[in-house]
There are 2 protein chains.
Amino acid sequence: VPKAVDRTERTAEITAAVERIATRDGFSSVTVRRVSEELGASTTAVTHYFASRDELVRSTVRRVIDRRTGELDVELADLQGRAAVRSMADWVALRPGDHHHRLWLAIVVGAAADVVLREELDRFNRWWDDRVERHLAEFEPPEPDPDGLADLLDVVLSGLVVAGLETESVWEQHRRRTVLDRLLTPAGLPPNP
Amino acid sequence: VPKAVDRTERTAEITAAVERIATRDGFSSVTVRRVSEELGASTTAVTHYFASRDELVRSTVRRVIDRRTGELDVELADLQGRAAVRSMADWVALRPGDHHHRLWLAIVVGAAADVVLREELDRFNRWWDDRVERHLAEFEPPEPDPDGLADLLDVVLSGLVVAGLETESVWEQHRRRTVLDRLLTPAGLPPNP
């Protein structure tokens, strides 16, 4: 089915271009024109697949988030409670590279002024919060302050996303893992074996 | 000296406009034209004070950072060691409002593609790292892993800057302080009395 393959390949190229522009200059720089220029194509080559700038942004962000949450679903298949929450933390802080962290920050920063980003970020946050809440409820012994621990987790993980971008020194895996262990172990989330 | 007052007022208005544009749309949207539009003024009303876009960005960022580090210098005047480091943490995480956190993130995100932002951020990071290092060296008993603790601090503070922006739920002072205490106390940085 060459036509479907074409469509898949073309939309992947287009959303990759959106990601590049967004991580470099922010989502406020994503327009149909800029994306066409980035691809060296005509604007109709973009609008054939995505009717508007908002649709471009929504599809790109949703695609990235769906792929990443799909990966996490697989990893969490056999895990529960503390092990599941700690695995979620590792997945955010240690697994993706700089590119994903930059893209994530562009989404967070852009959501202040962009309704589409706000909606997609809220959609992800609901998914994340539900998942964390579910696994916190499985803790044995029960976690006395689940909301507090969920907040703590948000802060540590957001911090690890930003920390690697703030300085020019490299935050390689070992350095990230050391900080993660030092912050999460006293909170009752030691590394998984 | 009305002329000097005028100059101070005008440059303050202009850098405030740069801050508004940067926190809303990112520093890649800051141009002399956009700043003039934001002010309802001509471009020469801006270029009279700031010769170029880069000078506009540099002056704005440096002004904000100098004001904030000046405030911190005053707070730290009588403090040493753990108390000083914990006070630095409180100052970043609890003192400024959403506006400053947004502006900070815009600087961090923008620094990836903007040499001026990169330089100003590096300048601040050197100041911050020197100050943290100096106070870590004053710890009694000595801190066994000062680099690790400096990393931990960067992650927690970056996390608290982002956390308030990521969700629409409000991270008011009490909520921030609870997480900060829960993360920093086990690391040997309990709240100051």
Side-chain angles (χ1 to χ4, degrees), chain A residues 21-29 93 98 101-114 118 121-122 124-126 128-129 145 147-169 171 175-176 178-187, chain B residues 21-29 93 98 101-114 118 121-122 124-126 128-129 145 147-169 171 175-176 178-187:
Chain A
I21 297 167
T23 48
R24 206 169 50 216
D25 297 324
F27 276 96
S28 61
S29 297
D98 247 29
H101 287 161
R102 280 197 190 287
L103 186 63
W104 189 252
L105 263 191
I107 295 170
V108 170
V109 169
D114 187 322
R118 181 78 265 162
L121 185 57
D122 287 346
F124 171 79
N125 282 333
R126 279 192 299 273
W128 175 267
D129 291 344
D145 178 14
D147 289 348
L149 188 53
D151 275 1
L152 181 151
L153 206 59
D154 281 351
V155 167
V156 171
L157 298 181
S158 299
L160 273 159
V161 168
V162 182
L165 310 177
E166 205 158 14
T167 61
E168 288 200 295
S169 68
W171 278 70
R175 190 171 174 192
R176 292 174 175 278
T178 304
V179 174
L180 196 64
D181 289 347
R182 194 160 167 186
L183 287 168
L184 294 190
T185 302
Chain B
I21 296 167
T23 48
R24 204 169 52 214
D25 297 324
F27 276 97
S28 62
S29 297
D98 246 29
H101 287 162
R102 280 196 191 287
L103 186 62
W104 189 252
L105 263 192
I107 295 169
V108 170
V109 169
D114 187 322
R118 181 80 264 161
L121 185 57
D122 287 347
F124 170 79
N125 282 333
R126 279 192 300 276
W128 175 267
D129 291 343
D145 178 14
D147 289 347
L149 187 53
D151 276 1
L152 182 151
L153 207 58
D154 280 352
V155 168
V156 171
L157 298 181
S158 299
L160 274 160
V161 169
V162 182
L165 310 177
E166 207 158 11
T167 59
E168 288 199 295
S169 68
W171 278 71
R175 189 171 173 192
R176 292 175 173 276
T178 303
V179 174
L180 196 65
D181 288 348
R182 192 158 168 187
L183 287 168
L184 294 189
T185 302

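Not measured: the values here are computed from a predicted model. In the text below, chain A, chain B and the rest are named by the order of the sequence lines, each starting its count at 1.
- Looking at A:Trp128, neither its backbone nor its side chain comes within 4.5 Å of chain B, counting heavy atoms on both sides.
- Contact of B:Asp181 with chain A is not made at all, since no heavy-atom distance falls under 4.5 Å.
- Interface residue B:Val179: only side-chain heavy atoms are found under 4.5 Å from chain A.
- A:Val156 approaches B:Val155 most closely through the heavy-atom pair O-CG1, 3.6 Å.
- Closest non-hydrogen pair, A:Ser28 versus B:Asp25, comes out as OG-O, 2.7 Å.
- With values rounded to the nearest 0.5 angstrom, A:Thr178 atom OG1 is found 8.5 Å from B:Asp145 atom CG.
- Within the 4.5 angstrom heavy-atom criterion, atoms from both the backbone and the side chain of B:Leu149 approach chain A.
- In terms of heavy-atom pairs under 4.5 Å with chain A, the best-connected choice from B:Leu183, B:Thr185, B:Val109, B:Leu105 is B:Leu183.
- Looking only at side-chain heavy atoms (C-beta outward), B:Val162 and A:Val108 come within less than 4.5 Å of each other.
- When side chains are defined from C-beta on, A:Arg182 does not count as touching B:Asp151, because their heavy atoms never get closer than 4.5 Å.
- Taking both residues in full, the closest heavy atoms of A:Pro186 and B:Pro186 are given as CB-CB, 3.7 Å, listed atom of the first, atom of the second, then distance.
- Shown here are the salt bridge (Lys or Arg N to Asp or Glu O under 4.0 Å) partners of A:Arg176, two or more places apart in sequence or in another chain: there are none.
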